[in-house]
Amino acid sequence: MDIFDFLRKQGIEEKLIQDVLSFRKYYQINEAVKDRIPDPKKFFYGKEIWSMCIAAILEGENILLSGPKSTGKNVLSDNLCAIFARPQWNVSFHVNTDSSSLIGTDTFIDNEVRLRRGAVYECATYGGFGVFDEINMAKNDAIVVLHSALDYRKIIDVPGYEKIKLHEATRFIGTMNYEYAGTKELNEALVSRFMVIDIPQIEEEKLMTILKLEFEDAYEDKLKQFAGIFLDLQTKAQNSEISTKAVDLRGIIGSIKTVKRGLKPRLAINMGVTGKTFDQFEKEIVEDVIRTRIPEKWEAKDIFPSS
């Protein structure tokens with residue numbers, strides 16, 4: 001399905017869609033980076049979230065997607081790059097991500113010292129969308145660059161080189177899991193540079209829509225059991241009975257894919273979900289949830305009639 005047909009089915013206002021198309025027409029893409037525009041196979045569901053993101057980006061704002069694990073923040077980021085037809089540079093923050101990772105670092109080329117450009121520099125040059133994944137894990141060194149890149153002046157000063165003026169189409173999309181292990185509180189000045197959009201936890205109706213689209217040839221009542229595992233674990237994580245390690249939609253979808261390949265459902269779900277947690281007590285709780293949903297005797301043909 002074309003992504004704009006999908007947006008219309010979601011009920012997004014036609015004016016917003018037409019404004020996005022005008023944006024694409026006005027800001028032409030450089031052929032050298034055309035292959036960086038995502039071609040998503042999965043779409044984010046949620047009319048209001050879509051409308052907020054599109055309106056903010058059209059108005060030149062940067063957006064921060066905040067929400068629990070497995071709520072589709074990265075899918076939405078890819079979708080936004082695709083509908084605006086902008087090249088994407090993705091930065092995943094970790095202990096080694098510093099200012100040189102974002103702006104660039106000196107390197108030797110043909111016996112000369114030259115700047116090897118970082119993700120933010122490239123975004124600024126080509127009018128790309130920079131996706132800052134887990135932005136609340138950024139070190140202070142990296143945050144200094146983010147302040148500059150997100151500032152209303154839209155100018156980045158590269159020490160020893162030049163000032164870069166951000167291309168008008170440049171936008172930055174931050175994603176974060178609040179209170180996730182290893183994260184820290186974002187400072188007020190950084191948050192003020194974003195429009196913040198809370199992504200709600202996934203509900204059964206939306207989850208079943210995703211699974212039915214992904215596995216059209218599966219029995220719907222059996223897919224409900226896989227969806228039930230995710231929702232049960234999500235509730236247990238909310239109640240602090242388990243961590244969020246096993247609450248993994250990618251793991252559920254990966255498990256069903258291996259079932260389609262012929263693997264027994266119980267083996268598949270153990271690989272995609274139970275194996276994500278390493279604490280024995282937590283593992284037993286997860287296994288209890290799975291036992292109530294997926295009987296040991298189930299075979300692949302019980303899920304996919306064509307197997």
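All values below come from the heavy atoms of this structure, side chains included, with hydrogens, waters and symmetry mates left out.
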Flag side-chain contact, heavy atom, 4.5 Å: [X] against [Y]:
X: T97; Y: K139; result: no
X: L166; Y: I155; result: no
X: M271; Y: L263; result: yes
X: S99; Y: V144; result: no
X: I197; Y: S66; result: no
X: I156; Y: Y121; result: no
X: L65; Y: V196; result: no
X: L207; Y: L231; result: yes

So, do [X] and [Y] have ring centers that fall under 6.0 Å from each other?
X: F23; Y: Y27; result: yes
X: Y45; Y: F6; result: yes
X: F172; Y: F129; result: no

Can you tell me if [X] uses its side chain to pair, donor with acceptor, with the backbone of [Y] under 3.5 Å?
X: T170; Y: C123; answer: yes
X: D78; Y: F43; answer: no
X: T209; Y: E205; answer: yes
X: K73; Y: G67; answer: yes
X: K69; Y: T244; answer: yes
X: N239; Y: E241; answer: no
X: Q88; Y: V131; answer: no
X: R171; Y: E168; answer: yes
X: D232; Y: T235; answer: no
X: R266; Y: I294; answer: yes

- Partners meeting side chain to side chain contact (heavy atoms under 4.5 Å, CB included) with T107 (sequence neighbours left out):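 For T107 the side chain to side chain contact (heavy atoms under 4.5 Å, CB included) partners, ignoring immediate neighbours, are I109, R116.
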- Item | Check against salt bridge (charged side-chain N to carboxylate O under 4.0 Å, His left out), K301 and E299 | CA-CA 5 Å; K301 65 178 184 322; E299 300 286 343; 5.8 Å; no
Whether the [X] and [Y] side chains hold a donor-acceptor pair (N or O, under 3.5 Å, no angle test) is what I'd like checked.
X: S22; Y: D19; result: no
X: E14; Y: Q18; result: yes
X: E287; Y: T274; result: no
X: T277; Y: D279; result: no
X: E13; Y: S51; result: no

NZ/NE/NH1/NH2 to OD/OE distance under 4.0 Å, [X] and [Y]:
X: D217; Y: K260; result: yes
X: K9; Y: D5; result: no
X: D221; Y: K224; result: no
X: R193; Y: D151; result: yes

Hey, quick one: are [X] and [Y] part of the same hydrophobic cluster, counting side-chain heavy atoms closer than 4.5 Å, chains of contacts allowed?
X: V20; Y: Y26; value: yes
X: I164; Y: V33; value: no
X: I229; Y: V286; value: yes
X: V259; Y: V273; value: yes
X: Y219; Y: I290; value: no

Quick one: [atom1] on [X] to [atom2] on [Y], what's the gap to the nearest 0.5 Å?
X: Q225; Y: E220; atom1: CD; atom2: CD; answer: 11.5 Å
X: K236; Y: D288; atom1: NZ; atom2: CG; answer: 8.0 Å
X: R117; Y: T105; atom1: CZ; atom2: OG1; answer: 14.5 Å
X: N270; Y: S255; atom1: CG; atom2: OG; answer: 8.5 Å
X: F230; Y: I269; atom1: CZ; atom2: CD1; answer: 11.5 Å
X: C53; Y: I199; atom1: SG; atom2: CD1; answer: 6.0 Å

- Message: Apply side-chain contact (heavy atoms from CB on, under 4.5 Å) to residues I202 and L249 and explain how you reach the verdict.
- Response: CA-CA 10 Å; I202 198 161; L249 184 53; 4.0 Å; yes
- Task: Any chance you could lay out the side-chain contact (heavy atoms from CB on, under 4.5 Å) test for L64 and F132, step after step, and finish with the verdict?
- Result: CA-CA 9 Å; L64 176 60; F132 298 142; over 6 Å; no
- Query: Given the rule in the side-chain contact (heavy atoms from CB on, under 4.5 Å) test, do F44 and L80 qualify, once you have shown the distances and angles that lead to the verdict?
  - Reply: CA-CA 10 Å; F44 181 86; L80 287 167; over 6 Å; no
- Task: Not counting sequence neighbours, which residues clear salt bridge (charged side-chain N to carboxylate O under 4.0 Å, His left out) with K34? List them please.
- Result: E31
- Task: Could you check D35, I29, N30 and say which one makes a side-chain contact (heavy atoms from CB on, under 4.5 Å) with P87?
- Result: I29
Nearest non-hydrogen partners of [X] and [Y], listed with the distance:
X: A119; Y: V91; answer: CB-CG2, 3.5 Å
X: D198; Y: I49; answer: O-CD1, 3.4 Å
X: L186; Y: L190; answer: CD2-CD2, 3.8 Å
X: F84; Y: I57; answer: CZ-CG2, 3.6 Å
X: K42; Y: V75; answer: O-CG1, 3.7 Å
X: P38; Y: R86; answer: CD-O, 4.0 Å

- Message: Show, in sequence, the C-alpha distance, side-chain angles and deciding distance for H167 and T125, and conclude whether the side-chain contact (heavy atoms from CB on, under 4.5 Å) test is met.
- Response: CA-CA 6 Å; H167 187 291; T125 304; over 6 Å; no
- Item | Ring-face cation of K222 near W298 (centre distance under 6.0 Å, axis angle within 45°) | yes
Neighbour count above 12 (heavy atom, 6.0 Å) for [X] [atom1]:
X: R291; atom1: CZ; value: yes
X: Q238; atom1: CD; value: yes
X: R250; atom1: CZ; value: no

